[in-house]
Amino acid sequence: MEQRCILDPEGNLISEAPVGLDETERLFDAMLTARLYDRKCSAMQRQGRLATYAPYEGQEAAQIGSAAALRPGDWMAGTYRDAAAMWMHGYPFVNLLLFRMGDERGGCPPEDVFILPPSITVGGHMIHAVGLAWASLIKGDDRVAITYFGDGATSEGDFHEAMNFAAVYETPTIFVCQNNQYAISMSREGQTRSATIAGKADAYGMPGVLVDGNDVLAMLAVTTEAVDRARSGGGPTLIEAFTYRAGPHTTTDDPLRYRPAEEVDEWSHRDPIVRVRRYLQHNGRWDHDREQTVLDGVAAAIEAAVAEAEATDPYTAIEVFEAMYAEPTPVLKAQRDALLRDQGSA
Amino acid sequence: MEQRCILDPEGNLISEAPVGLDETERLFDAMLTARLYDRKCSAMQRQGRLATYAPYEGQEAAQIGSAAALRPGDWMAGTYRDAAAMWMHGYPFVNLLLFRMGDERGGCPPEDVFILPPSITVGGHMIHAVGLAWASLIKGDDRVAITYFGDGATSEGDFHEAMNFAAVYETPTIFVCQNNQYAISMSREGQTRSATIAGKADAYGMPGVLVDGNDVLAMLAVTTEAVDRARSGGGPTLIEAFTYRAGPHTTTDDPLRYRPAEEVDEWSHRDPIVRVRRYLQHNGRWDHDREQTVLDGVAAAIEAAVAEAEATDPYTAIEVFEAMYAEPTPVLKAQRDALLRDQGSA
Amino acid sequence: MPEMTVALALNDALHIALRDDPATVVLGEDVGKAGGVFRVTDGLQQRFGADRVVDTPVAESGIVGAAFGLAIAGLKPIAELQFMGFSYPGYDQVISHVGRIRNRSRSRFTAPMVIRMPYGGGIGAAEHHSESTEAMYAHTPGIKVVVPSRPYDAKGLLLAAIEDPDPVIVLEPIRAYRAIKEDVPAERFAVPIGEASVVREGSDLTMISYGAMMRDTLSAADYLEDDGVSVEVVDLRTLSPLDHETIVASAKSTGRVVVVVESPRTASLASEVAAIVGERALYSLLAPVERVTGHDIVVPLKRAERHHIPDAGRIVAAARRTLEA
Amino acid sequence: MPEMTVALALNDALHIALRDDPATVVLGEDVGKAGGVFRVTDGLQQRFGADRVVDTPVAESGIVGAAFGLAIAGLKPIAELQFMGFSYPGYDQVISHVGRIRNRSRSRFTAPMVIRMPYGGGIGAAEHHSESTEAMYAHTPGIKVVVPSRPYDAKGLLLAAIEDPDPVIVLEPIRAYRAIKEDVPAERFAVPIGEASVVREGSDLTMISYGAMMRDTLSAADYLEDDGVSVEVVDLRTLSPLDHETIVASAKSTGRVVVVVESPRTASLASEVAAIVGERALYSLLAPVERVTGHDIVVPLKRAERHHIPDAGRIVAAARRTLEA
Ligand SMILES: Cc1ncc(C[n+]2csc(CCOP(=O)(O)OP(=O)(O)O)c2C)c(N)n1
Ligand SMILES: Cc1ncc(C[n+]2csc(CCOP(=O)(O)OP(=O)(O)O)c2C)c(N)n1
Ligand SMILES: [Mg+2]
Ligand SMILES: [Mg+2]
């Protein structure tokens, strides 16, 4: 299967761009934002201000390009590594940060954001995007649902069940597999013997597309096609975004245990941001100062979000019991009261 | 994908037979045996002598032809509907019957029979055949493992995980899907949108074969190829045996709720036994008396097994606790003693 | 008032739910054309169509997970798992997602959904068809678990489960599906979740049970009453959250407690009830709480099942011990 | 004797098992090249090769099910599930197959295998990384469940689990992996499965716990000892089968019992211990058994986790109540 590619690593268009330069600039800025946020989080984790963090550096195009194909109101269900896509689709930094600080209020985005909190278990959330999209068919609205997952997740039984349900009920679901070549230490080759992940779509009678995941224009193009098909009753699509995780699995991981430094180096020449910068530059749309201005703005926005998140008071003991059910059950009330009593007496 | 077929429904060879007439006669006799046993079980169930029974009528070729490709010592892991394959590979009637009477001792075949008790849960046992076969690679012996399952089972996540593990570790596993067109009331079309089940093998980088499951010679041929490949280090194969369940899902099921009588009638023209009878007849190897003699012998053997099974005393309360662990735990001993006390006192 | 079995009462509740709320969707293996293996969903697809009463592929994680997505999007899915023994492939969805979404989103997203499953033994069924692992579901945070023992409660609890703003698991005792008939109101009503029912008042001894074991418990009580023992009988009806107050009040008033479950014993609902009674009614106890339970074994097949599932004889023996203590 | 952490002691046990028995196979996600997320399998693949220390695809049902097949075929698989919170997709294999095969084949086929998994909270980990659902495994027939709290027991219980003729689940307390060091014999030894350990003798009160909660339990005991209370402390070590005799003997001798678990409360091991004590030591009890447990909620994330997992303060408060009763 051929990889769809529009913008090559040198920043040359090799087929027709799906959007003009203004929109490309917007995607570029979004990728800059995503990278800055990602690096900030890794740094904050090292300072002990965030719990474990899963960096997505190298995968910005896959996330930003695909998320850009959505409309507000479309559903999204992604993973711990999909903060860029979530942010692009409207999930505020402050919520992303709160989650990473170990605060469930991070999972509560504003009412007009239809993004589930990131899935930490691998595989289980894909079928949610099938149910969410199925609801559109039953209710007769036109929201689609996009789900993000990794190459490793395709080995879980839940991937199979989700793909099969989506195809059987023709739900408007877009499955975006970011094949970043690793599932923690397991290489893509060790994960499955299928030639491509995109090809797995056949097993469900679903279209599968292989795309250069480091090419934001190609990502936008193939996702737009899938979204259009889904929205017009054409059912689900599997997209394999061929990409690379530049950093460790999480901030506690040491990738040198399982992959050579040369491989990382090789992929760095295919950086998703660099090629768009070159493309904009070829077209007279890039200069250093503009980029710096964007970055400064983003840094300020992130700092503000960090400040807001860090200023949020931690939960009280009472609050811990409050969102298990619409109303705490008598059993939970008793447990809460006993806790308050003991915390008082200890 | 084309269906492999050797013997057409009229009993004509359309490609080369994998075995001669003597062996074909043996397969024919085995299918007669299997059918007689199956009908006997349904009858016994109606008489209340067996618990629910899952008839396999119509699928005799799929089971007998594939099981005939095995060597003694090869592993088998099948389902509630695979008694013909199990018997063909050495599982005694008496054990099959005991299980159906509700007696776990049915699950204990002789020491030289390497067949797991039939799986009642759908899907979970396929991966066992992967582990069993994997052990051959690790131990360096040449046993293969065959697993039987239905079209419905391919929707379970466990099918996916089993196929993937088998392909990744190249285990000598033969996956035989008897696509009998239904999973209880669910049609094959409602189960999955893939054109064929055999085609699902691609998703794992595994060879997949579609075969006329009502053609015992084709079943033998494709399974022999798969077994040979597995035994010589070539890894697993998925075989889709295209067949039909002539009877109900189980003795409590009413198939007219979900499929038209005409469909059943149509498939009856493709009966797996009839075509071999015709073939043998064309070749002067069949006469009514011989068939009757075989049937009489089989009937006697089944009666003897029934008598043996029915003569087996049911479990005692003590025995109930005996095979949970190599040795009943102190907790189980206490529960046993309390039960004996209460059964005495009640 | 029409007379109904448990199976009919459940069917009736589903009819009402589908009729009254277009957001209701029933899904599961063989629930449509075939009307369910126990015919609990009989006639629903004919009446409400294949879009609202959906036959699914054989995939329990998929069923629970898809229902979860439907619920978040504002529908009211009622998923059926064919037997409790086949619910485990879907358990990860229950514990990791269904029971968590409200808390992890601080109520921004919720999953008001129902999962129905037949459970329990006593009919000599095949392997995996007699499971009684309700303790595992009762131990799982974020879901509620109800279990009717009779037609009235079956209809009322299922309707309450459907109306509940949170996910509810409805355990349907296989043995009771057709064993008991009673008059059940034709209209909609609810049996409140979280309330046990004192089905018989008495002063010498309390018996606590639920589901299919209620029948044996009541026969044991009858038997003892004939001997002049006054037995109070509590039907828990909801296993999560448990109705501590009713349990404790009854234990305090009689001082003797026998709790009856068919599940394995260790870490069972019987253990929980015994712990609650020991915690809050210790000084009223005249005898140790007796747990009459299944054993810590796999449910034996038909020929030996009776050694596992408690019967009235074992319940009476336990009651006698508490009376003689 | 070398000093070891729990993680090292486990690693040492795995080295010994792989060295001494060629049938031993370690498999799981990231156990090979990466040496496990907690480095418990560190160095094993380098030493014993990728055929015996196998990195698997991300598929827990596959891992457990493949290990089950390996075990039936005569190998000794030791499967790792990366966290207890990721064990649920494999639970169906555990309850429906691993725990059943011996009984359903009347010992013709057996699955002597080990499933290791880190469990428990207290380190402010991400969602699903702090699960404590051991009750569900202890409730499952046909398997054994052990849980070490210290390096010595970690090595001895893991080796005992590997030698056991039946499937054993080894729960490894995350919080204890590196928190405690002690001298552990370099050679092979076994801590018998099924035996609790009285880690401290005392006369006024019994505290019963296991796993990571042992540390808090022991600090609470220290604290009370300073106040002149003599505390007996029992480390259960095996959750299935539970050591009833040790529990009952201690309860009888002190008359006061506090049982400490970090799991949800309903139908927990704490409930089971309370039930056992109420059943067999009722007349010795001077106060209700106190259950100090997690709540029936999802383990809160880092910022609020301390409200959930019991600490020494809560244990002391409970102990005081039993002393004042
Ligand atoms: C059910 C489950 N099993 C195991 C894990 C542990 N785990 C976390 S991330 C991960 C690897 C996932 O790889 P992939 O799907 O490729 O996503 P990536 O991390 O590369 O984005 C694993 C095994 C988990 N979170 N959930
Ligand atoms: C895990 C699980 N889910 C559901 C069932 C109930 N059930 C028994 S057989 C069956 C249909 C299986 O169909 P298929 O795999 O095509 O096999 P067939 O019965 O046609 O031989 C179902 C759903 C089960 N036994 N196990
Ligand atoms: Mg990956
Ligand atoms: Mg079928």
Side-chain angles (χ1 to χ4, degrees), chain A residues 1 121-127 130 134 149-171 173 175 177 179 183 185-208 210 229 234-238 240, chain B residues 1 121-127 130 134 149-171 173 175 177 179 183 186-208 210 229 233-238 240:
Chain A
M1 205 185 280
T121 67
V122 169
H125 67 292
M126 298 178 253
I127 183 77
V130 178
W134 192 357
F149 52 96
D151 42 313
T154 66
S155 292
E156 290 280 4
D158 273 354
F159 164 76
H160 180 69
E161 300 194 10
M163 292 285 290
N164 193 44
F165 269 62
V168 164
Y169 300 112
E170 301 181 72
T171 68
T173 307
F175 292 87
C177 177
N179 171 6
S185 67
M186 175 54 94
S187 67
R188 153 66 185 81
E189 289 65 41
Q191 197 68 244
T192 171
R193 289 291 171 92
S194 73
T196 65
I197 288 171
K200 288 179 186 277
D202 279 359
Y204 310 95
M206 191 193 291
L210 178 61
R229 179 161 50 237
T237 304
L238 171 63
E240 174 183 358
Chain B
M1 204 185 282
T121 68
V122 168
H125 67 293
M126 299 177 251
I127 184 77
V130 178
W134 192 357
F149 53 95
D151 42 315
T154 66
S155 292
E156 291 280 3
D158 273 354
F159 165 76
H160 180 68
E161 299 193 11
M163 291 285 290
N164 193 44
F165 270 62
V168 163
Y169 300 111
E170 302 182 70
T171 67
T173 308
F175 292 88
C177 177
N179 171 7
M186 175 54 93
S187 67
R188 154 64 184 84
E189 289 66 40
Q191 197 68 242
T192 171
R193 289 292 171 91
S194 73
T196 65
I197 287 172
K200 288 179 187 277
D202 280 356
Y204 310 95
M206 190 192 292
L210 178 61
R229 179 161 51 235
T237 304
L238 171 64
E240 174 183 357

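Per chain, numbering begins at 1; letters A, B, ... match sequence-line order.
- A pairwise comparison of heavy atoms in B:Gln191 and A:Val168 identifies O-CG2, 3.7 Å as the closest pair.
- Ranked by heavy-atom pairs shorter than 4.5 Å toward chain B, the options A:Ala195, A:Ser194, A:Ala167 are led by A:Ser194.
- The line from OG1 of B:Thr154 to NE2 of A:His160 is 6.0 Å long, rounded to the nearest 0.5 Å.
- For the atom pair A:Lys200 NZ and B:Asn164 CG, the distance stands at 5.0 Å (nearest 0.5 Å).
- Checked against A:Arg193 for a side-chain contact (heavy atoms from CB on, under 4.5 Å), the options B:Met206, B:Glu170, B:Met163 give a single hit: B:Glu170.
- Within the 4.5 angstrom heavy-atom criterion, no atom of B:Phe165 approaches chain A.
- The most heavy-atom pairs under 4.5 Å with chain A, out of B:Ala162, B:Gly199, B:Ser155, B:Gly123, come from B:Ser155.
- Closest heavy-atom contact between B:Ala203 and A:Ala203: CB-CB, 4.0 Å.
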